[in-house]
Amino acid sequence: AAAPALLTVNGIEVIYNHVILVLKGVSLVVPQGGIVALLGANGAGKTTTLRAVSNLLKGERGDVTKGYIELRNERIERLSPADLVKRGVVQVMEGRHCFAHLSIEDNLLTGAYTRSLSRGDISAALEKVYAYFPRLKTRRTSQSGYTSGGEQQMTAIGRALMADPSMILLDEPSMGLAPQIVEEIFEIVKDLNTREGVSFLLAEQNTNVALRYADYGYILENGRVVMDGEAKALAENEDVKEFYLGLS
Ligand code: ATP
């Protein structure tokens with residue numbers, strides 16, 4: 001039997017600045033324990049979809065004007081980003097957004113701010129992140145601004161882990177990274193999924209790598225889902241091969 005839905009996005013429309021209709025009725029499901037890829041070219045609406053889920057559109061002057069979003073069958077559109085984090089939904093933004101002047105470890109610690117943890121629990125959470133990202137432990141006192149793109153992406157994911165998420169919304173994790181680092185990061189995503197049960201909704205322009213690690217994919221074009229299916233089937237689909245697999 002299929003796993004129950006963790007996240008359901010149903011027919012959402014998003015408008016920026018009261019006029020620009022960017023999502024024109026997007027629906028998708030992330031099953032519990034799933035890795036779901038949101039694919040499509042630059043500007044298709046991937047980031048907007050993630051921001052709608054994590055309620056981060058307001059700062060961009062965007063609004064969900066139709067449809068609804070549910071987490072475990074409960075509506076969440078009105079929850080603040082911080083409340084969503086408390087319920088286990090954490091977004092890792094495109095471009096990483098580490099605090100450049102803070103050390104890797106201090107960046108990680110900012111991820112725990114929604115939890116009231118004892119010192120011991122904080123150390124345990126840090127050690128768990130370091131177990132997945134040994135490289136971050138080695139470099140924990142380095143200022144993030146001076147670390148590599150791959151290390152910054154790892155820091156951003158590690159910071160999300162500090163919130164003890166049930167689901168991570170991951171925006172373009174491969175962006176600007178060397179292929180080998182991209183594989184390393186996706187391997188860790190897979191591990192977190194298998195061993196910690198974290199579900200992922202990941203926006204990627206790198207269709208090839210995303211479909212190798214995801215279970216299921218949705219392809220967005222111009223604010224609409226134009227195709228969806230099991231990742232394996234999408235990777236073998238002729239249209240997907242022609243239009244998307246050459247992209248990155
Ligand atoms: P990318 O890979 O660039 O992140 P994307 O698929 O994630 O692409 P979005 O960033 O969601 O696409 O953008 C979808 C459309 O919405 C684009 O046409 C973009 O120009 C527009 N858009 C994004 N943010 C805003 C905003 N704050 N105000 C107005 N339009 C916006």
Side-chain angles (χ1 to χ4, degrees), residues 7-30 35-69 76-77 80-81 84 89-98 149-150 152-153 156-157 160 167-179 181-182 185-186 189 200-214 216-229 231 234 237 239-240 242-248:
L7 179 79
T8 304
V9 173
N10 195 294
I12 60 166
E13 267 188 18
V14 170
I15 296 182
Y16 283 115
N17 295 311
H18 304 289
V19 285
I20 313 165
L21 178 64
V22 166
L23 296 190
K24 304 164 185 170
V26 168
S27 299
L28 61 86
V29 172
V30 179
I35 301 181
V36 172
L38 197 53
L39 306 166
N42 191 3
K46 304 181 297 295
T47 298
T48 301
T49 305
L50 297 190
R51 284 179 178 276
V53 173
S54 50
N55 203 354
L56 289 171
L57 282 170
K58 287 284 176 297
E60 305 288 319
R61 299 184 50 78
D63 285 301
V64 177
T65 51
K66 260 191 202 162
Y68 63 84
I69 304 171
I76 57 168
E77 307 95 280
S80 69
L84 286 164
V89 179
V90 182
Q91 176 148 0
V92 176
M93 287 194 250
E94 189 175 0
R96 277 85 73 172
H97 292 279
C98 294
Q152 289 183 28
Q153 182 65 68
I157 297 172
M167 165 147 130
I168 296 182
L169 307 166
L170 198 49
D171 200 354
E172 299 274 357
S174 78
M175 196 174 60
L177 302 181
I181 308 291
V182 172
I185 284 169
F186 272 84
V189 163
F200 286 86
L201 176 58
L202 57 99
E204 257 303 341
Q205 281 193 58
N206 189 334
T207 307
N208 178 14
V209 73
L211 288 180
R212 277 191 287 113
Y213 286 92
Y216 201 89
Y218 292 85
I219 300 182
L220 278 184
E221 259 176 44
N222 255 310
R224 287 194 174 87
V225 174
V226 293
M227 203 187 296
D228 67 289
L234 286 180
N237 179 286
D239 289 335
V240 175
E242 182 176 350
F243 296 112
Y244 292 101
L245 283 176
L247 277 186
S248 4

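Counting starts at 1 for both ligands and their atoms, in listed order.
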State, yes or no, whether a side-chain contact exists between M175 and Q153 at a heavy-atom distance under 4.5 Å. no

Counting distance only, does the side-chain N/O of Y218 pair as donor-acceptor with the main-chain N or O of V29 below 3.5 Å? yes

Can you name the residues that form a salt bridge (charged side-chain N to carboxylate O under 4.0 Å, His left out) with K66, not counting sequence neighbours? E13

With a 3.5 Å cut-off and sequence neighbours excluded, list the donor-acceptor pairs that the side chains of residues 14-23 form with protein atoms.
{"from": "Y16", "atom 1": "OH", "to": "T48", "atom 2": "OG1", "distance (Å)": "2.8"}
{"from": "N17", "atom 1": "OD1", "to": "R61", "atom 2": "NE", "distance (Å)": "2.7"}

Going by the rule ring-ring contact (aromatic ring centres under 6.0 Å, His included), which residues pair with F200 if we only count those two or more places apart in sequence or in a different chain? none

State, yes or no, whether a side-chain contact exists between E204 and L39 at a heavy-atom distance under 4.5 Å. yes

Every residue of the protein that comes under 4.0 Å of ligand 1, judged on heavy atoms: Y16, N17, I20, V22, A41, N42, G43, A44, G45, K46, T47, T48, E60, E94, E172, Q205

